[in-house]
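Notes follow once the structure below has been shown.
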Amino acid sequence: MKNSTTLERKSERELVITRIFNAPARTVFDAWTKPELLQRWWTPKSFGITFVSCDVDARTGGSYRFVFSHPDFEQPMAFFGRYVEVTPPSRIVWTNEESAEGAVTTLTFQENDGKTLLMLHELYPSKEALEESLASGSPTAAGEQYDLLDEVLATLVS
């Protein structure tokens with residue numbers, strides 16, 4: 001049985017997404033920080049995007065840059081930012097710097113009996129920025145994205 005993903009708007013600028021994964025925190029953490037694993041689950045299939053490149057320097061002060069292609073766009077799209085804090089295997093904080101409306105994302109991993117409660121908290125610079133993100137469908141695609149993460153994790157813990 002699949003674990004469910006919950007999405008909750010905490011305030012006019014905050015969004016929280018949670019899910020339990022059937023894997024230890026270290027394994028889930030690795031899936032968020034190792035490019036070869038991240039590329040296997042990050043892009044929801046319904047979005048039609050594919051990775052062109054995935055650069056990750058997952059350490060406090062490091063950076064990331066994901067470049068995607070989509071058949072409807074001539075130019076690739078880049079998402080990038082900085083890792084403000086990386087504390088393996090319990091916490092990652094990063095910025096989203098592709099626009100002035102990017103959120104600061106805090107990800108926590110809480111392990112209990114070999115399962116990991118993942119909590120993703122996004123703080124947007126304005127109510128309008130959160131509204132725009134919700135309208136893009138990106139946050140609501142987390143369930144699909146996390147289903148793919150479940151599949152990757154199953155290959156790592158079996």
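Quick note: numbers below take in every heavy atom, side chains included, and nothing from hydrogens, waters or symmetry partners.
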task = Can you spot which of T116, L149, D147, L7 makes a side-chain contact (heavy atoms from CB on, under 4.5 Å) with R19?
result = D147

What is the distance from atom [atom1] of [X] to atom [atom2] of [Y], rounded to the nearest 0.5 Å?
| X | Y | atom1 | atom2 | answer |
| --- | --- | --- | --- | --- |
| L117 | E111 | CG | CD | 11.5 Å |
| T106 | E122 | OG1 | CD | 9.5 Å |
| R9 | L134 | CZ | CG | 6.0 Å |
| I17 | L118 | CD1 | CG | 9.0 Å |
| C54 | K34 | SG | NZ | 13.5 Å |
| D30 | L156 | CG | CG | 8.0 Å |

Counting only N and O atoms by type, is there a donor-acceptor contact under 3.5 Å from the side chain of [X] to the main-chain atoms of [Y]?
| X | Y | value |
| --- | --- | --- |
| N3 | I20 | yes |
| E85 | V93 | no |
| E144 | K45 | yes |
| E132 | E128 | no |
| R91 | T108 | no |
| S99 | E101 | yes |
| T60 | V86 | yes |
| T95 | G81 | no |
| E14 | L123 | no |

ask   = Hey, mind stepping through V104 and V84 against side-chain contact (heavy atoms from CB on, under 4.5 Å) and telling me if it holds?
value = CA-CA 9 Å; V104 174; V84 176; 5.5 Å; no

If you define the side chain from C-beta out and look only at heavy atoms, does anything of [X] sit under 4.5 Å from [Y]?
| X | Y | result |
| --- | --- | --- |
| L120 | T105 | yes |
| P125 | R13 | no |
| L130 | L15 | yes |
| N22 | V157 | no |
| F29 | L107 | no |
| M119 | Q110 | no |
| L153 | W41 | no |
| T33 | R59 | no |

query = Taking it one step at a time, do V16 and T18 satisfy side-chain contact (heavy atoms from CB on, under 4.5 Å)?
reply = CA-CA 7 Å; V16 174; T18 59; 3.9 Å; yes

message = If you count heavy atoms of other groups shown closer than 6.0 angstrom to CD of Q75, is the number above 12?
response = no

ask   = Should the heavy atoms of other residues, nucleotides or ligands under 6.0 Å from CZ of R82 be counted, would the total exceed 12?
value = no

ask   = Should V52 and V56 be regarded as members of a common hydrophobic cluster, given that ILVMFWY residues are connected when their side-chain heavy atoms come within less than 4.5 Å of each other, either directly or indirectly?
value = no

message = Does F109 form a side-chain contact (heavy atoms from CB on, under 4.5 Å) with I92? I'd like the steps, not just the answer.
response = CA-CA 9 Å; F109 307 81; I92 306 171; 4.0 Å; yes

ask   = Does the ring centre of F21 sit less than 6.0 Å away from the ring centre of Y146?
value = yes

request  = Mind running ring-ring contact (aromatic ring centres under 6.0 Å, His included) on F80 and F66 for me, showing each step along the way?
outcome  = CA-CA 6 Å; F80 53 93; F66 304 156; over 10 Å; no

query = Do you know which two heavy atoms are closest between Y83 and S63, and how far apart they sit?
reply = CE1-O, 3.5 Å

inquiry  = For V67 versus A78, what's the shortest heavy-atom pair and its separation?
reply    = CG2-CB, 4.2 Å

message = Do the side chains of R65 and E97 get close enough for a salt bridge, i.e. N-O under 4.0 angstrom?
response = no

message = Quick check on ring-ring contact (aromatic ring centres under 6.0 Å, His included): which of Y64, W42, F68 does F79 satisfy it with?
response = F68

